[in-house]
Amino acid sequence: MSSFLTNHGVVVALVCAGCAVIYGLATTRALLALSPGNERMQSISRAVQEGARAYLNRQYTTIALVGVALFVALIFIQNIAVACGFAIGGILSGSAGYIGMNVSVRANARVAEAARGGVSPALSVAFKGGAITGLLVAGLALFGLAGYYGLLTAVFNDSQKTAVDALIGLGFGGSLISVFARLGGGIFTKAADVGADIVGKIEAGIPEDDPRNPAVIADNVGDNVGDCAGMAADLFETYAVTAVAVMLLGVLTFHEATKVVMYPLILGGVAVVASIIGTFAVRSRSGNVERALYQGLILSGVLAAAAFAPVTYWLMKGLTFSQVGNVVNPPSWGKFYLCALIGIGVTALLFRITDYYTSTRFSPVKKTAKASVTGHATNIIQGFGSGLQATALPALVLVLGIFGAWKLAGGGTTGIYGVGVAVMGQLSLTGLIVALDAFGPITDNAGGIAEMAELPEEVRNVTDPLDAVGNTTKAVTKGYAIGSAVLAAVVLFAGFRQELADKTHHTLESLVFSINEPQVLIGLLLGGLMVCLFASLSIEAVGRAGGAVVEEVRRQFREHPGIMEGTEEPDYATCVDIVTKTAQREMILPSLLPIGLPVIVGLIDQKALGGLLIGVIVVGFFFAVLMTAGGGAWDNAKKLIEDGAFGGKGSEAHAASVTGDTVGDPFKDTAGPAINPMIKVANIVAILIIPLIT
């Protein structure tokens, strides 16, 4: 079996990836065969579809212009193989997000219609809609990696090292789509949400999804382009760049290059199959939606963990070091297997911690809701404090995970390889993680359609609990994305250091980035600066776009009083157009920051570039957790009050909680999530520009 996987590992990975794509196509067909409801429901759903499609078409056009310039630059900086890999990564990442978005905006009305039959059928439809996106992300990422590697080695006879170098371009292609999708989609969704809340909830006193609000369609569109397409691109990129980094470290560390290249591909393949099986365990007979979703995730994790053992035994047994003079034997295969289990364990802990800080069941959200009773300022203070506190436990989990994997794998360079294996274990759950994230906007839109189409009360009694769970799953998947981004960046930084040592003819041990070197300290400060500036630009963009939506909604209410009376239809398209144009314009500068600044710093000093990467990883992690957890606490504190706590809807506490939620929106859905790809983009750009700076 060992020789079979070594010689035919690419085929095995491609077959597993093909299973994910087939699952996506078959499930899409079954989903679209369901009833989309009455004409009013279909009309609302079509408006969301048209808005989402128009936005993504414009976004991908903008990205394509930037992509063409980078494609040409990579030909001269690297070679045509890296440039083609870049194009493949961008196309596949964009395809995963685009297809997933198209499915989710069609699933919303079908979930609302299925809710007439109760929680179980509505849950099934909503989860299947998300699972299509999730399995396509994992499947297409694996298909691109295995397929392009196989093409380069089998057809063009490239060495393993040359082929893996070309795959770095594929990872960069996914990274480019990711940072634009996260940032542009985040600006869109939160600008629409902020505008709808300020004028609708606070000023006009109408419900969240009231059809009289001109921004309500833009808000529903934003849920899909921000959370669904954005998360898909984010985790596609993490999956791709981590696998490439592990492959790169493997061929630089061990003699058995083919085995260590196949290892992450086979792990990804068996994990995809485990995820497909896990989707069939998501069902609820008791009405406990959260339990139903997590039992599928748990089953997938257990199956993946079981499958990793024989794969690791067959491929990682008896490895030898490639470094001359290294007489210490590499770790046993069992220790590499334990590293993979650490990755799965880190995922479970990050889920629980993020759930604690963002769920209505626990103290942090309850404290934020209670603080709303005494006013807007105390709500903001408590929510921000909860966000700061929420960084501690995830940091400790990552510290222990990195240390454990590093020690198990023998420390040094091999230890970093063990960290990479742990990240691959963590990413084994990518398919179902994205499914849980996409579940959120689907159920949110379903509730909106039920409200706007004036469906019976019992339908809202089904969609509201689904939406509440969707908010929690969106929050916990962001925690997972942050953790995986940081661990992936650690591995990418190790790859940068090894490549730099190789090109400058230094020994790896002599290439250190010490804080007592002024260049490194300068780089550290610049890395922290880049995170702060990136977050600032992102939040300000939401403020400007949200302000434009507020002015438009106020204008419509002022000039067309029949809207509030229900005798005149609001102009939804204008609000969609405003946030579309603004998001496209505003996303360009911050998106180019993690590409341009590493190039400038690297051309000036290599040590400063290394310091910048370290600064980005450390500061970026804390900012990302602070923003996503704090924003989640503000959001769910508002929902807790809307469910009747501390005075309920219409109370002073409710008004204060809406303010907190409005502040938290760009935190948790724009700047915070966009920091994840920013961290990885900076690191992968550093690897790609090594020929320029050496």
Side-chain angles (χ1 to χ4, degrees), residues 43-67 90-91 93-109 129 133 176-196 213-234 236 437-438 440-442 444-445 448-449 474 538 541-542 544-549 552-553 570-591 665-666 669-670 673-674 677:
S43 174
I44 297 166
S45 182
R46 278 195 298 269
V48 175
Q49 292 171 35
E50 290 167 6
R53 192 181 304 112
Y55 172 77
L56 283 187
N57 286 343
R58 187 173 294 186
Q59 176 173 270
Y60 286 155
T61 300
T62 303
I63 297 172
L65 296 175
V66 177
I91 291 169
S93 177
S95 299
Y98 196 89
I99 296 168
M101 180 278 298
N102 270 291
V103 172
S104 71
V105 295
R106 285 168 171 78
N108 48 27
T133 305
L176 183 73
I177 295 290
S178 176
V179 71
F180 274 99
R182 266 302 195 192
L183 192 55
I187 294 170
F188 185 109
T189 182
K190 292 303 109 179
D193 197 1
V194 167
N213 192 329
V216 72
I217 294 295
D219 188 9
N220 285 330
V221 170
D223 291 332
N224 293 284
V225 299
D227 277 317
C228 185
M231 177 63 88
D234 187 356
F236 178 100
D437 185 76
I442 290 173
D444 190 358
N445 279 197
I449 288 173
K474 283 192 294 184
S538 305
V542 173
R544 285 190 291 269
V549 175
E552 171 60 22
V553 176
D571 179 7
Y572 301 120
T574 299
C575 288
V576 173
D577 191 55
I578 286 172
V579 285
T580 297
K581 290 178 178 177
T582 307
Q584 294 301 300
R585 183 176 64 251
E586 298 282 1
M587 73 178 182
I588 294 175
L589 179 59
S591 295
D665 274 341
D669 288 323
T670 306

With sequence neighbours excluded, tell me which residues meet side chain to side chain donor-acceptor pair (under 3.5 Å) with [X].
X	result
T189	none
S43	none
T670	none
S591	none

Please confirm whether the backbone N or O of [Y] pairs with a side-chain atom of [X], one donor and one acceptor, at under 3.5 Å?
X	Y	result
N213	A196	yes
S93	G90	no
Y60	G94	yes
T133	G97	no
Y55	G184	yes

Run T582 and R585 through side-chain contact (heavy atoms from CB on, under 4.5 Å) and show every step you take. CA-CA 5 Å; T582 307; R585 183 176 64 251; 3.8 Å; yes
For the residue pair [X] and [Y], what are the closest heavy atoms and their distance?
X	Y	answer
S178	P677	OG-CB, 3.1 Å
G51	V576	CA-CG1, 4.1 Å
S104	I442	CB-CG1, 3.6 Å
V579	A218	CG2-CB, 4.2 Å
A107	G129	CB-CA, 4.5 Å

Applying side chain to side chain contact (heavy atoms under 4.5 Å, CB included), name anything that partners I588, two or more places apart in sequence or on another chain.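 For I588 the side chain to side chain contact (heavy atoms under 4.5 Å, CB included) partners, ignoring immediate neighbours, are T62, L592.
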I44: which of N108, I217, V216, N445 passes side chain to side chain contact (heavy atoms under 4.5 Å, CB included): I217
Between the side chains of Q584 and T580, does any donor sit under 3.5 Å from an acceptor? no
Can you see whether R53 engages N57 through a side-chain donor-acceptor pair at a distance of less than 3.5 angstrom? no
So, taking the atom named [atom1] in [X] and the one named [atom2] in [Y], what distance separates them when rounded to the nearest 0.5 Å?
X	Y	atom1	atom2	answer
F188	I578	CZ	CD1	11.0 Å
S538	L589	OG	CG	9.5 Å
L183	I187	CG	CD1	4.0 Å

For D444, all residues meeting salt bridge (charged side-chain N to carboxylate O under 4.0 Å, His left out), sequence neighbours excluded: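 Partners of D444 by the salt bridge (charged side-chain N to carboxylate O under 4.0 Å, His left out) criterion come out as none, since no residue qualifies.
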Apply side-chain contact (heavy atoms from CB on, under 4.5 Å) to I177 and F236, showing your working. CA-CA 10 Å; I177 295 290; F236 178 100; over 6 Å; no
